[in-house]
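Structure first, commentary second.
Keep in mind that the numbers below use all heavy atoms, side chains included, and drop hydrogens, waters and symmetry copies. To find a chain, count down the sequence lines: A is the first, B the second, and so on, and within it residues start at 1.
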Protein chains: 4
Amino acid sequence: MTSEPRTDTRARIQEVALELFAKQGYEKTSLREISERIGVTKAALYYHFKTKEDIAASVFEDGLKAMEEMLVWARTKPRTREARAEILRRYCAVVRDGIGRSRFIQQTDQQSMPGMERFFAVMYELNALLQPENASTREAMQTGLAIHSLHFGWMKMRALSGGDLTEDEFEETLMGIVLDILP
Amino acid sequence: MTSEPRTDTRARIQEVALELFAKQGYEKTSLREISERIGVTKAALYYHFKTKEDIAASVFEDGLKAMEEMLVWARTKPRTREARAEILRRYCAVVRDGIGRSRFIQQTDQQSMPGMERFFAVMYELNALLQPENASTREAMQTGLAIHSLHFGWMKMRALSGGDLTEDEFEETLMGIVLDILP
Amino acid sequence: MTSEPRTDTRARIQEVALELFAKQGYEKTSLREISERIGVTKAALYYHFKTKEDIAASVFEDGLKAMEEMLVWARTKPRTREARAEILRRYCAVVRDGIGRSRFIQQTDQQSMPGMERFFAVMYELNALLQPENASTREAMQTGLAIHSLHFGWMKMRALSGGDLTEDEFEETLMGIVLDILP
Amino acid sequence: MTSEPRTDTRARIQEVALELFAKQGYEKTSLREISERIGVTKAALYYHFKTKEDIAASVFEDGLKAMEEMLVWARTKPRTREARAEILRRYCAVVRDGIGRSRFIQQTDQQSMPGMERFFAVMYELNALLQPENASTREAMQTGLAIHSLHFGWMKMRALSGGDLTEDEFEETLMGIVLDILP
DNA sequence: AATGAATGAGACTTCATTCAT
DNA sequence: AATGAATGAAGTCTCATTCAT
C-alpha cells in the first residue's frame, strides 16, 4: 500500500496562479479567484505562501533559474557571429520550455508583476552577450529586436498562428527569421 | 470676447491619465491618483467622464483615429513590396506621433485596458495589408514581427538608447531594420 | 433659514473611537465596531481619516495640545516647592479637563496606542520640571509617583469612588494627597 | 531512572508568552510569534494548552497564587497601622518576586488580558484590608494610591531609574515613600 | 463646473483554532 | 509530543462610483 498521492495544494496554487496571471494579469487576479478554482480557502494560500507576491515569484522561479543557468554558459562563449547565434538558439529553447509549462511572461513589459527585476537583469546581460563587439547603434537595436521578436513569437504568435505548424516547425521558422535580424 | 480663460480640466485629466496609465498600467492607476495630481476631487472626473474606462478610451481616441484614417488610405494601395513598404513607413509616422504625445500603448498586449478591441482590429487589418499576396507562414510571421518591432522600438528602445540619436535618426535606423524584416 | 446642522460624522467618529479605545483598548476596537455604532460604513471612516492610527492620533490631539501648552508655561517657573506645586495643580486641571471629555488615556502605559510618543515626551519633561533642583533618587521617585497618582486618581478612582463626591471635592482631596507625595 | 531529559516545551511556552505579553500586550502577541520563537509549530501550543487564554492564565497562575496566599495570612491581621504596614511590606515582596520572573502585569489595567478578574478580586480585598477601620474617603483613596504606587514603582520605575540602585535599595526607597502614602 | 460625503464590493492579510497522522 | 494542512472569521484598507448641493 502506498500513501494516498497527496493532492499537493502547493503545486496546484502555482499552476492555477500561473494560468490566471497569464490570462488576466497579476493585478486583476485575486487570491479569492485562485483559491476558489482550487477548492480551498484563501487562508490556505497563506499557509503555503507568505504573500501574493510570493506566489508570483515562485511561479517565475523555474523559468528564471533556467535563464540564469543559460547565462552562465553563455558568458564563456566568444563574441563571434556563430557563437552568438548558438546562444540565441539555446535561449530560444529556454523560452520555448518556459512556454511549454505555460505562457509565463505574457506581460513581460509590466512593472507591476513582482520578481521582474531579476528577469530584466537577465535580459540586460543577454542583450550584451548577443551583440557583436563594438556594436554600432544599429547593431545594438537589431539585437534587442531579435530578442524581443523571439519572445513575441512564442508568447503571442504561437497562439494565433495556431494549428498549422507543429511546435518544432514553428521554432524552426521563428529562429530562421530571428537569426536574420541578429547582426 | 466672453469666455473665461478655460482651465480645461478635461484635457488635464486625459494628459495625466495617459502618463499614469503608461507608467503604472491601467489597473494600478487609481482615480484618486489622477485627481490628486490635477488638484481636483475624484467626483470632478465624473463630471467629465462617465467611467474610468471612458477616460482610458478617450485617451486612446486620437491615436486610434489616426491609425484608422491611415488604414483607409492603405486599403487603396496595391500589395506590391514597394507599396507595402510605404504603408509601413506611414504607420511608423503615426506611431511616432502617438509616442510624441506620450508612450500611449506601452501595454499594448494587455487585455485589461479597455478600448483595446478597436486597437486589435486595426492591428489585424494592418497585418493583412502588409503581407504579400498569398503569403507563406514564414512571410506572415515576418510581417507580424516587423509591426511589433516597430512598436517595441518606439515604446521601449527609444527610452533606453536615450540621448545618442535624434528622433529623426532613430526613426531612420529603426525603419532600416524593420524594412529588412518585412517580407 | 439656517442650514441643517450637519450630523458631523467626523466628530462622531472621534467621539465613539475615544469611548471604545478607552473601554476596550486600541487593538480590540475594530473599525467595524466604530462605524456600526455611528451608523455609517467602514469606508466612511476612511473618507475622514487616513488610517486607524490617524483616528487615534486625532483623538489625542486636543489633550496633548493642552498639555504641551501647559509645559510652555511651566518652563518659565522657578523650581521652588511653591512653584512646583502650582505646576502640579495646573496639570491636575488639564488632566481633569481631558477626563471630562472622556477618560482619554486609560491605557497610558501601552505602547500599542499610536501617538503615544508625544505623550511620553510630555511626561518626561513634566517630571523633570516637578523635581526640586539636584533631586535625590528618592525625590525623583516621589515626583514620578505623584504624577502617576494624579493620573490614576482621575482615570480609575473617580469611576470607582463614584457618587459620594462632587468633581470639585474629588479634585481637592486628590490634590491634597498628591501634594503630600510631591517632594 | 527512565524519563528522557525533558525538553519541557510547556515551560518554554510560558516563559516566552510571558515575555511577549509583557512587551507587546496580549492582543498584539500572536501564537505564531510565540511558537516561532520557541521553534515549534502553533499546533504544538495546543497540545500543551487549550486556548490562548489558557496560556495567559497559566502564566499568571503563580503570581496570583502567591498573592492569594498572602491574603489568607493578611486576613488574620488586625487593622492597626502597624499591622497594615506589615501587610504592605509583605505584598511588596510578592510583587517584587513576580517582577523578578518577569514584569508580569505591565498591563494591569487592561481588561483584555484574560484571567484578570481574579487579579482584580485580590486587589479589591487587599485594598480593604489595608484601610484603617471606618476609613474616610481620603484614607480610602490614599490606600488605593499606595497600592498602585507600589505596582507602578516596580513595573515602570525600576526599569527607568535603571542602574543606580540595587534591587534591595530600590525596594527600601520605594517602601519608604509608599508607607508615607498609606494612611 | 465641481465638491463633500458616503457606499458597496472586494482586495490582501492575520489570527486562533482544529484534526488526522 | 508534535506536525502539516487547512479553515472561518475578522481585520485594515482601497477603489470605482453616486448624488445632493
Side-chain angles (χ1 to χ4, degrees), chain A residues 3-4 6-10 13 27-35 38-55, chain B residues 4 6-10 13 26-35 38-55, chain C residues 3-4 6-10 13 27-35 38-55, chain D residues 4 6-10 13 26-35 38-55:
Chain A
S3 70
E4 300 287 320
R6 281 291 293 107
T7 339
D8 211 344
T9 302
R10 203 190 132 89
I13 293 171
E27 301 292 340
K28 271 225 161 177
T29 303
S30 72
L31 298 188
R32 182 181 52 67
E33 219 175 340
I34 296 176
S35 63
I38 301 179
V40 296
T41 52
K42 269 182 294 171
L45 305 192
Y46 281 90
Y47 174 74
H48 293 285
F49 298 93
K50 255 174 133 87
T51 61
K52 189 186 178 187
E53 284 210 14
D54 233 57
I55 297 179
Chain B
E4 300 288 315
R6 289 282 278 105
T7 337
D8 215 344
T9 300
R10 205 188 130 89
I13 294 171
Y26 176 74
E27 299 294 338
K28 271 222 162 176
T29 303
S30 70
L31 297 189
R32 181 175 57 64
E33 219 174 340
I34 295 175
S35 62
I38 301 179
V40 296
T41 48
K42 267 187 293 174
L45 306 191
Y46 281 88
Y47 175 77
H48 294 284
F49 299 93
K50 249 177 133 84
T51 64
K52 189 186 179 188
E53 287 209 12
D54 234 57
I55 298 178
Chain C
S3 68
E4 301 286 320
R6 280 291 293 106
T7 339
D8 212 345
T9 302
R10 203 190 132 90
I13 293 171
E27 300 293 339
K28 270 228 163 175
T29 302
S30 72
L31 299 187
R32 182 181 51 68
E33 219 173 341
I34 296 175
S35 63
I38 301 180
V40 295
T41 52
K42 269 181 294 170
L45 306 191
Y46 281 92
Y47 174 75
H48 293 285
F49 298 93
K50 253 173 133 88
T51 62
K52 189 186 178 188
E53 283 209 14
D54 232 58
I55 297 179
Chain D
E4 299 288 314
R6 290 281 278 103
T7 337
D8 216 342
T9 300
R10 205 189 129 89
I13 293 171
Y26 176 74
E27 299 294 339
K28 270 222 163 176
T29 303
S30 71
L31 297 188
R32 181 175 56 65
E33 218 174 342
I34 296 175
S35 62
I38 301 179
V40 296
T41 48
K42 268 188 292 174
L45 305 191
Y46 281 87
Y47 176 78
H48 293 286
F49 299 93
K50 249 178 134 84
T51 64
K52 189 186 179 188
E53 286 208 14
D54 235 56
I55 297 179

Counting primed atoms plus P, OP1 and OP2 as sugar-phosphate and everything else as base, spell out the protein contacts along nucleotides 15-21 of chain F at 4.0 Å heavy-atom distance: B, S or - for each nucleotide, 5' to 3'.
SBBBB--
Any idea which heavy atoms bring D:Phe49 and D:Arg10 closest together, and the distance?
CE2-NH1, 3.6 Å
Separation of D:Phe49 atom CZ from F:dA2 atom C1', in whole Å?
15 Å
Side chain of B:Lys52, backbone of B:Tyr26: donor and acceptor closer than 3.5 Å?
yes
Of D:Ala44 and A:Thr41, whose closest DNA chain F nucleotide lies nearer the 5' terminus?
D:Ala44
Quick check: closest heavy atoms across D:Leu45 and D:Val40, and the distance to 0.1 Å?
CD2-CG2, 4.4 Å
Atom CG of D:Asp54 and atom P of E:dA16 are separated, to the nearest Å, by 14 Å
Can you sort out the partners of B:Glu33 under side-chain contact (heavy atoms from CB on, under 4.5 Å), two or more places apart, ordered by chain and number?
B:Leu20, B:Gln24, B:Thr29, B:Ser30
So that I can compare with my own list, what are the stems of DNA chain E, taken as at least three consecutive Watson-Crick or G-U pairs with distances under 3.5 Å?
E:2-21 with F:2-21
Could you report the tightest heavy-atom contact between D:Glu27 and C:Lys28, atom names first, then the distance?
OE2-CE, 2.5 Å
Once side-chain contact (heavy atoms from CB on, under 4.5 Å) is applied, do any residues pair with D:Tyr46, and if so which ones, sequence neighbours excluded?
D:Leu31
Which sits closer to the 5' end of DNA chain E, B:Tyr47 or C:His48, going by the nucleotide each is nearest to?
B:Tyr47
In whole Å, what is the span from the CD1 atom of A:Ile34 to the P atom of E:dG10?
17 Å
In Å, rounded to the nearest 0.5 Å, how long is the span from CG of A:Asp54 to NE2 of A:His48?
13.0 Å
As an exercise, state the distance from CD1 of C:Ile13 to CG of C:Asp8, rounded to the nearest 0.5 Å.
9.0 Å
